[in-house]
*Asks:* 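Here it is: the structure, laid out below.
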Amino acid sequence: MTEDGTTPQVTEQAPPVEHALPPEQVLPHDQVPSREQISSHGPDKPFVVGVDRDTVLRRREVVRTVERRGAFITLVLGVVGVAAALYAMFAFDGAVMLPYALLLILAMSPLLLSTWMVFRIQKRRTHWYDANELPPVAMRISVKGLELACDGAAYPVVLPWNTVRGFRQQKLLGQYTLDIALARGVGATTAGVRGLDQPSVRSVVKPNPLLRPTGMFLVKALDQPVHVIDEALKHFSGGTAGVVR
């Protein structure tokens with residue numbers, strides 16, 4: 001009670017509000033790390049390259065459309081070739097035309113096989129896309145090697161530095177992409193290598209000659225420019241890997 005006889009009101013203080021930590025944000029292209037910042041990464045701190053989700057989803061649709069278009073073209077060519085061979089057998093002397101017809105049918109078989117392969121690969125990709133969320137990270141570069149989150153793969157691809165030469169930058173389907181460049185003789189059974197035996201990875205690393213290559217990473221979908229990725233590869237690999245333009 002105060003001197004004038006009034007009772008002071010006690011105001012309860014609200015408990016302190018715990019603010020949630022902000023989510024990890026992707027650096028814009030004009031705020032990329034410098035060479036000194038890359039060099040500051042220790043053995044336990046890899047250099048991480050993230051991906052733009054919307055750009056990757058659009059790229060998936062473009063790849064799907066282009067692959068289907070090519071598959072239908074090869075299917076039409078194969079069917080026309082087989083039909084021509086059968087027509088020649090019945091329209092002319094069957095005994096004389098039989099060897100030529102069989103050769104033509106055998107020549108058209110790879111086209112029909114490639115069509116089946118495209119739809120088979122796309123079916124597997126669709127099932128994997130539906131069951132798995134798009135990873136936010138495209139690659140991790142460390143002193144141990146290169147770890148890649150290949151589109152459509154169930155688990156990352158791991159490549160020690162003695163098995164990889166870096167990336168090749170090339171223009172595919174109207175856009176620049178990065179493709180992995182392996183050392184000579186490196187395969188899925190090479191010591192230390194993991195993940196190259198996945199169908200979606202094989203279709204990118206060693207595409208079928210009848211299928212149009214699509215590239216492993218779309219350059220504009222990565223949150224780091226190519227020259228920074230090149231510096232990181234050279235730093236962590238000791239100069240043995242980089243980006244070839």
*Asks:* Before accepting this row, confirm whether a basic side-chain N of the pair Glu61/Arg64 lies closer than 4.0 Å to the acidic partner's carboxylate O.
*Replies:* yes

*Asks:* With side chains defined as the heavy atoms from C-beta onward, is the minimum distance between Leu148 and Met216 less than 4.5 Å?
*Replies:* yes

*Asks:* With sequence neighbours left out, which residue pairs that include part of residues 233-245 fulfil the salt bridge (Lys or Arg N to Asp or Glu O under 4.0 Å) condition?
*Replies:* Asp230-Lys234

*Asks:* Mind checking whether Asp52 and Asp223 have side chains closer than 4.5 Å, heavy atoms only?
*Replies:* no

*Asks:* Could you go step by step and tell me if Val158 and Leu146 meet the side chain to side chain contact (heavy atoms under 4.5 Å, CB included) rule?
*Replies:* CA-CA 6 Å; Val158 178; Leu146 196 58; over 6 Å; no

*Asks:* Quick one: are Trp161 and Lys144 in side-chain contact, heavy atoms under 4.5 Å?
*Replies:* no

*Asks:* Compare every heavy atom of Lys45 with every heavy atom of Phe236, then report the nearest pair and how far apart it is.
*Replies:* CZ-O, 4.1 Å

*Asks:* Mind checking whether Val228 and Val244 sit in one hydrophobic cluster, side chains of I, L, V, M, F, W, Y counted as touching below 4.5 Å?
*Replies:* no

*Asks:* Can you name the residues that form a side chain to side chain donor-acceptor pair (under 3.5 Å) with Tyr129, not counting sequence neighbours?
*Replies:* Asp151

*Asks:* Do Met139 and Ile229 make a side-chain contact, defined as non-hydrogen atoms from C-beta onward lying under 4.5 Å apart?
*Replies:* yes

*Asks:* Let me check something: do Val82 and Leu103 share a hydrophobic cluster, defined by ILVMFWY side-chain heavy atoms less than 4.5 Å apart, either directly or through other members?
*Replies:* no

*Asks:* Please collect all salt bridge (Lys or Arg N to Asp or Glu O under 4.0 Å) contacts where either partner lies in residues 103-114, sequence neighbours excluded, each pair once.
*Replies:* none

*Asks:* Give the other cluster members for Val80, using side-chain heavy-atom distances under 4.5 Å between Ile, Leu, Val, Met, Phe, Trp and Tyr residues; answer none if it is isolated.
*Replies:* Val76

*Asks:* For Tyr155, which residues count as a ring-ring contact (aromatic ring centres under 6.0 Å, His included) partner, sequence neighbours excluded?
*Replies:* none

*Asks:* Could you check if a side-chain atom of Val226 sits within less than 4.5 angstrom of a side-chain atom of Gln169, using non-hydrogen atoms only?
*Replies:* yes

*Asks:* Side chain to side chain contact (heavy atoms under 4.5 Å, CB included) between Thr240 and Val164: does it pass, once the steps are laid out?
*Replies:* CA-CA 9 Å; Thr240 61; Val164 61; over 6 Å; no

*Asks:* Run the side-chain contact (heavy atoms from CB on, under 4.5 Å) test against Ala84 and tell me which residues pass, sequence neighbours left out.
*Replies:* Leu104

*Asks:* Please list, chain by chain and in numerical order, all residues satisfying side-chain contact (heavy atoms from CB on, under 4.5 Å) with Thr163, sequence neighbours excluded.
*Replies:* Leu159, Pro160, Val186, Thr190, Val193

*Asks:* Identify, with sequence neighbours excluded, every residue that meets side chain to side chain donor-acceptor pair (under 3.5 Å) alongside Arg53.
*Replies:* Glu133

*Asks:* Would you say that Gln170 contacts Asp179 through its side chain, given a criterion of any heavy-atom pair below 4.5 Å between the two side chains?
*Replies:* yes

*Asks:* Are side-chain heavy atoms of Val137 and Val51 found at a separation under 4.5 Å?
*Replies:* no

*Asks:* Going by the rule side-chain contact (heavy atoms from CB on, under 4.5 Å), which residues pair with Gln175 if we only count those two or more places apart in sequence or in a different chain?
*Replies:* Arg59, Leu218, Lys220

*Asks:* Could you list the residues that satisfy side chain to side chain donor-acceptor pair (under 3.5 Å) with Arg68, not counting sequence neighbours?
*Replies:* Gln122

*Asks:* Find out whether His127 and Lys123 are in side-chain contact, i.e. whether some heavy atom of one side chain is under 4.5 Å from a heavy atom of the other.
*Replies:* yes

*Asks:* Applying ring-ring contact (aromatic ring centres under 6.0 Å, His included), can you list everything that pairs with Phe72, at least two apart in sequence or on another chain?
*Replies:* Phe119

*Asks:* Test of understanding: with side-chain contact (heavy atoms from CB on, under 4.5 Å), list the residues that count as partners of Ala83, not counting sequence neighbours.
*Replies:* none

